[in-house]
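Contents: one structure, followed by commentary.
When a ligand or atom number is given, it counts from 1 through the structure's own listing order.
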Amino acid sequence: MDRQQREYRSDGARVFRMVVRIDIYVADWNFMNRSGSMDVAEAFDNGGNEPTFVPASEASIEMLEKVNVEFSTTCSVCMEEIRIDSEATRMPCLHIFDEDCIVEWLHKSRFCPVCRFSMPADGDQ
Ligand SMILES: [Zn+2]
Ligand SMILES: [Zn+2]
């Protein structure tokens, strides 16, 4: 017991090694290029030290509008065509995505993949 405690104290500087994996989702590379610099920093800026993407709140995801697609467009998450007359999900910024794609996206990032419209997040005042 005594010996164990001493060993612990003498080992004052302990190294905790962590492997952190950060996935950065670039859905619309043209947009990224147009904006000049990758504004990933903005997504990281949560006022703290840890780079995290803030997910949209569950309530805001549930309230997304379902629309009937009237003109063919491209889902900027999976880059697949969304066909006319199919059902898609529209964000408040009026960008349209496959439902599965945008729901998955918003669980990772509150920002619209096209225009970075910011969805409400838990913890917003
Ligand atoms: Zn999609
Ligand atoms: Zn948008």
Side-chain angles (χ1 to χ4, degrees):
M1 180 60 179
D2 187 46
R3 187 173 163 274
Q4 270 184 348
Q5 276 188 340
R6 219 174 300 128
E7 272 179 8
Y8 183 77
R9 280 189 203 137
S10 68
D11 189 16
R14 297 185 149 233
V15 177
F16 292 94
R17 184 161 303 171
M18 279 184 281
V19 177
V20 179
R21 203 185 88 152
I22 301 173
D23 292 335
I24 298 177
Y25 295 88
V26 180
D28 186 341
W29 191 244
N30 289 327
F31 169 74
M32 289 296 197
N33 287 341
R34 256 204 320 279
S35 69
S37 61
M38 296 227 329
D39 278 318
V40 171
E42 185 170 314
F44 284 2
D45 182 16
N46 61 350
N49 312 314
E50 293 185 24
T52 51
F53 282 97
V54 179
S57 72
E58 204 59 50
S60 72
I61 293 174
E62 276 168 27
M63 278 168 57
L64 287 175
E65 204 180 346
K66 300 273 199 306
V67 294
N68 208 48
V69 177
E70 284 165 21
F71 50 94
S72 118
T73 183
T74 303
C75 169
S76 291
V77 177
C78 68
M79 303 312 248
E80 297 283 331
E81 184 189 0
I82 304 174
R83 289 201 186 83
I84 296 169
D85 276 340
S86 63
E87 193 186 71
T89 298
R90 184 161 70 184
M91 283 184 59
C93 57
L94 305 183
H95 286 117
I96 293 173
F97 307 91
D98 301 311
E99 181 181 12
D100 290 351
C101 291
I102 196 60
V103 167
E104 194 188 337
W105 174 280
L106 289 172
H107 280 124
K108 292 170 183 149
S109 168
R110 67 193 292 186
F111 297 107
C112 168
V114 179
C115 69
R116 294 185 309 124
F117 171 88
S118 181
M119 293 280 287
D122 294 330
D124 275 358
Q125 269 106 37

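The SG atom of C75, the Zn ion (ligand 1) and the SG atom of C78 define an angle of 110° (nearest 10 degrees). With the Zn ion (ligand 2) as the vertex, atom SG of C115 and atom SG of C112 span an angle of 110° (nearest 10 degrees).
In terms of heavy-atom proximity, S60 sits nearest to P120 at OG-O, 3.5 Å.
Taking the Zn ion (ligand 2) as reference, H95 places its N/O/S atom ND1 nearest. For the Zn ion (ligand 1), the nearest N, O or S atom contributed by D98 is named OD2.
With values rounded to the nearest 0.5 angstrom, S109 atom OG is found 9.5 Å from R116 atom CZ.
Here the side chain of R110 pairs a donor or acceptor atom with the backbone of M119 at under 3.5 angstrom.
In summary, of the residues considered (T73, I102, L64), a side chain to side chain contact (heavy atoms under 4.5 Å, CB included) with F97 occurs for I102 alone.
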